[in-house]
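To keep things clear, I will list the structure first and then write my remarks on it.
Because only heavy atoms are used, hydrogens play no part in the values below, and waters and symmetry mates are left out as well, while side chains stay in. Nothing here was measured: the structure is a model prediction, and the numbers come from that model. Heads up: numbering here begins at 1 and tracks the sequence.
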Amino acid sequence: KWKGEGTTQNLESIVIGRCYDYIRIVNPAVGEKNCSQIWEAFKNAFINKDPCSILPKDYELFINLTLHTIPPNKSLFWENNQLLVNSFADRGRRYMSLGDTLFGFVADFLYWCGQADSPGLDYESCPTTVECENNTVDSFWRMASITYAQHSSGVIHVLLNGSADGGAYPQPGFFADYEIPNLQKDKISQIVIWVVDDIEGPDIDSCGVNTVKTLETRLKTLGYDVTCTDNNKSVMFLLCL
């Protein structure tokens, strides 16, 4: 029916299990959370609904139940390099990327959708971005991105892929469309951009040129103190490893 992957098998167990994993092991500092209630809020955002008519605000209750402080200077935004960001952030020990927050952690790499005429999950297929913009997964990540940006403070880091097709700073993109507009300017002291090329990958984009220049100009126009570094040593070492 749809072109995308169907709902991840055992979704409920995974979401509840990840929730407990997070509050007990990954980041107990967030305090006690009701993981069953969090699952219900997540499920009720999209169950029994047309999977092409889910809006970011449908996940509001889920976000409210999972919300916690993001430590200052620890936010790490990114485009086109999720696995590298996961390694570099080190599950919140070095940085706290969106996937290292509770609300990002429980849903990372999962697929899910319901059906308008059924209380069940659709395990066969779910709509892709191309098929409809307001699909269950994209709307979730929009809401998560907005929330993450609103709660980020201090020095903000952005890790971009200088070898990405079409440039390091994609427009449209989550960072361009949902995160930058929701940054709270009075809480942010500096924005640090790192442009890192893939090992032996093409050097398509760098600080001060192409899409990165577009990004730098946008942020400076908004009044931010912006610095940009190509191939940051510590990220490169990790890539080499």
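If you check the side chains of Ser13 and Asn10, you find no donor sitting under 3.5 Å from an acceptor. No side-chain donor from either of Ser53 and Asn134 sits under 3.5 Å from a side-chain acceptor of the other. For Gln171 and Asp177, the side-chain atoms include no donor-acceptor pair closer than 3.5 Å.
Listed by chain and residue number, Tyr95, Trp194 satisfy the ring-ring contact (aromatic ring centres under 6.0 Å, His included) test with Phe88 (two or more places apart in sequence, or in another chain). Under the side chain to side chain donor-acceptor pair (under 3.5 Å) criterion, Thr7 pairs with no residue at all, not counting sequence neighbours. In this structure, the side-chain contact (heavy atoms from CB on, under 4.5 Å) partners of Asp90, at least two apart in sequence or on a different chain, are Arg93, Arg94. Scored by the side chain to side chain donor-acceptor pair (under 3.5 Å) test, Thr214 finds no partners at all (sequence neighbours excluded). For Glu200, the side chain to side chain donor-acceptor pair (under 3.5 Å) criterion is met by no residue, not counting sequence neighbours.
Transitive grouping of hydrophobic side chains (ILVMFWY, heavy atoms separated by less than 4.5 Å) brings Ile70 and Leu65 into a common cluster. Under a hydrophobic clustering in which Ile, Leu, Val, Met, Phe, Trp and Tyr are joined whenever their side-chain heavy atoms come within less than 4.5 Å, directly or via other members, Ile146 and Leu61 fall into the same cluster. One hydrophobic cluster, built from ILVMFWY side chains closer than 4.5 Å, cannot hold both Val209 and Val226; they sit in different ones. Cluster membership check: Tyr178 shares its hydrophobic cluster with Phe103, using side-chain heavy-atom separations under 4.5 Å among Ile, Leu, Val, Met, Phe, Trp and Tyr. Both Leu222 and Ile193 are assigned to one and the same hydrophobic cluster, defined by single-linkage of ILVMFWY side chains at heavy-atom distances under 4.5 Å.
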Could you list the donor-acceptor pairs under 3.5 angstrom formed between side-chain atoms of residues 149-156 and any protein atom two or more places apart in sequence or on another chain?
{"unit_1": "His151", "atom_1": "ND1", "unit_2": "Thr147", "atom_2": "O", "d": "2.9"}
{"unit_1": "Ser152", "atom_1": "OG", "unit_2": "Ser75", "atom_2": "OG", "d": "2.7"}
{"unit_1": "Ser152", "atom_1": "OG", "unit_2": "Tyr148", "atom_2": "O", "d": "2.8"}

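No donor-acceptor pair closer than 3.5 Å links the side chain of Arg218 to the backbone N or O of Ile180. The backbone N or O of Cys132 lies less than 3.5 Å from a partner atom in the side chain of Asn135, making a donor-acceptor pair. A distance-only check finds a donor-acceptor pair linking the side chain of Asp230 to the backbone of Cys207 [under 3.5 Å]. Put simply, the side chain of Ser139 gets close to the backbone of Ile54: a donor and an acceptor are under 3.5 Å apart. No donor-acceptor distance shorter than 3.5 angstrom exists from the side chain of Asp197 to the backbone of Asn231, with no hydrogens or angles considered. Within the 3.5 Å criterion, the main-chain N or O of Pro71 finds no donor-acceptor partner in the side chain of Thr69. Checked by atom type and distance alone, the side chain of Asn210 never pairs as donor or acceptor with a backbone atom of Val212 at under 3.5 Å. Remark: side-chain polar atoms of Glu131 are not paired, donor with acceptor, to backbone N or O of Trp2 under 3.5 angstrom. With Thr8 contributing its side chain and Leu11 its backbone, the two residues share no donor-acceptor pair below 3.5 Å. At distances below 3.5 Å, at least one donor-acceptor pair connects side-chain atoms of Asp100 with backbone N or O atoms of Ser97.
Separating the CD1 atom in Ile16 from the CG atom in Asp21 is a distance of 13.5 Å, to the nearest 0.5 Å. Going from atom CG of Asp138 over to atom CG of Leu55 covers 12.5 Å, rounded to the nearest 0.5 Å. In this structure, the separation between CD on Glu5 and SG on Cys113 is 11.0 Å, given to the nearest 0.5 Å. Separation of atoms CG (Asn80) and OG (Ser163) is listed at 10.5 Å; rounding is to 0.5 Å.
Contact between Met143 and Glu60 at its shortest, heavy atoms only, is CE-CG, 3.7 Å. Residues Gly208 and Glu216 approach most closely at N-OE2, 2.7 Å, considering heavy atoms. When every heavy atom of Asn48 is checked against every heavy atom of Pro119, the shortest pair comes out as OD1-N, 3.2 Å. Taking every heavy atom of both residues into account, Met236 and Ile199 meet most closely at CE-CD1, 4.0 Å. Residue Asp203 comes nearest to Ser206 through the heavy atom pair OD1-OG, 3.2 Å, listed as atom of the first residue, atom of the second, then distance. Shortest non-hydrogen contact noted between Ile38 and Cys19 is CD1-SG, 3.9 Å.
Using a 4.0 Å cut-off between charged side-chain N and carboxylate O, Arg24 and Glu32 make a salt bridge. Salt-bridge annotation for Lys43 and Glu40: present, with a side-chain N of the basic residue lying under 4.0 Å from a carboxylate O of the acidic one.
None of Val26, Leu110, Ile23 except one satisfies the side-chain contact (heavy atoms from CB on, under 4.5 Å) rule with Arg18; the exception is Leu110. With respect to Phe140, the ring-ring contact (aromatic ring centres under 6.0 Å, His included) criterion is satisfied by exactly one of Phe46, Tyr111, Tyr59, Phe174: Tyr59.
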task = With side-chain contact (heavy atoms from CB on, under 4.5 Å) as the test, would you mind laying out the steps for Ile47 and Leu121 before giving the verdict?
result = CA-CA 7 Å; Ile47 213 80; Leu121 298 163; 3.6 Å; yes

inquiry  = As a quick check of understanding, evaluate side-chain contact (heavy atoms from CB on, under 4.5 Å) for Val235 and Leu159, giving each step before the final call.
reply    = CA-CA 9 Å; Val235 185; Leu159 182 54; 4.2 Å; yes

ask   = Going through the distances and angles, do Leu160 and Leu215 end up as a side-chain contact (heavy atoms from CB on, under 4.5 Å)?
value = CA-CA 11 Å; Leu160 300 176; Leu215 172 60; 3.7 Å; yes

query = Can Lys49 and Thr136 be said to form a side-chain contact (heavy atoms from CB on, under 4.5 Å), step by step?
reply = CA-CA 10 Å; Lys49 296 179 189 172; Thr136 40; over 6 Å; no

task = Just do the side chain to side chain donor-acceptor pair (under 3.5 Å) check on Asp50 and Gln115 with the steps written out, would you?
result = CA-CA 5 Å; Asp50 171 1; Gln115 304 161 76; over 6 Å; no

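The shortest side-chain heavy-atom distance between Val195 and Thr229 does not fall under the 4.5 Å cut-off. Residues Leu238 and Leu84 are in side-chain contact: their nearest non-hydrogen atoms beyond the backbone lie under 4.5 Å apart. Side-chain contact between Gln190 and Tyr224: absent, with no pair of heavy atoms (C-beta onward) separated by less than 4.5 Å.
Between Phe42 and Trp112, the gap from one ring centroid to the other is short of 6.0 Å.
Residue Lys33 qualifies as enclosed at atom NZ: its count of foreign heavy atoms under 6.0 Å is above 12. By the neighbour-count criterion of 12 heavy atoms within 6.0 Å, atom NZ of Lys57 is sparsely surrounded, having that number or fewer from other residues, nucleotides or ligands.
The aromatic rings of Phe175 and Phe77 sit tilted, their planes meeting at an angle between 30° and 60°.
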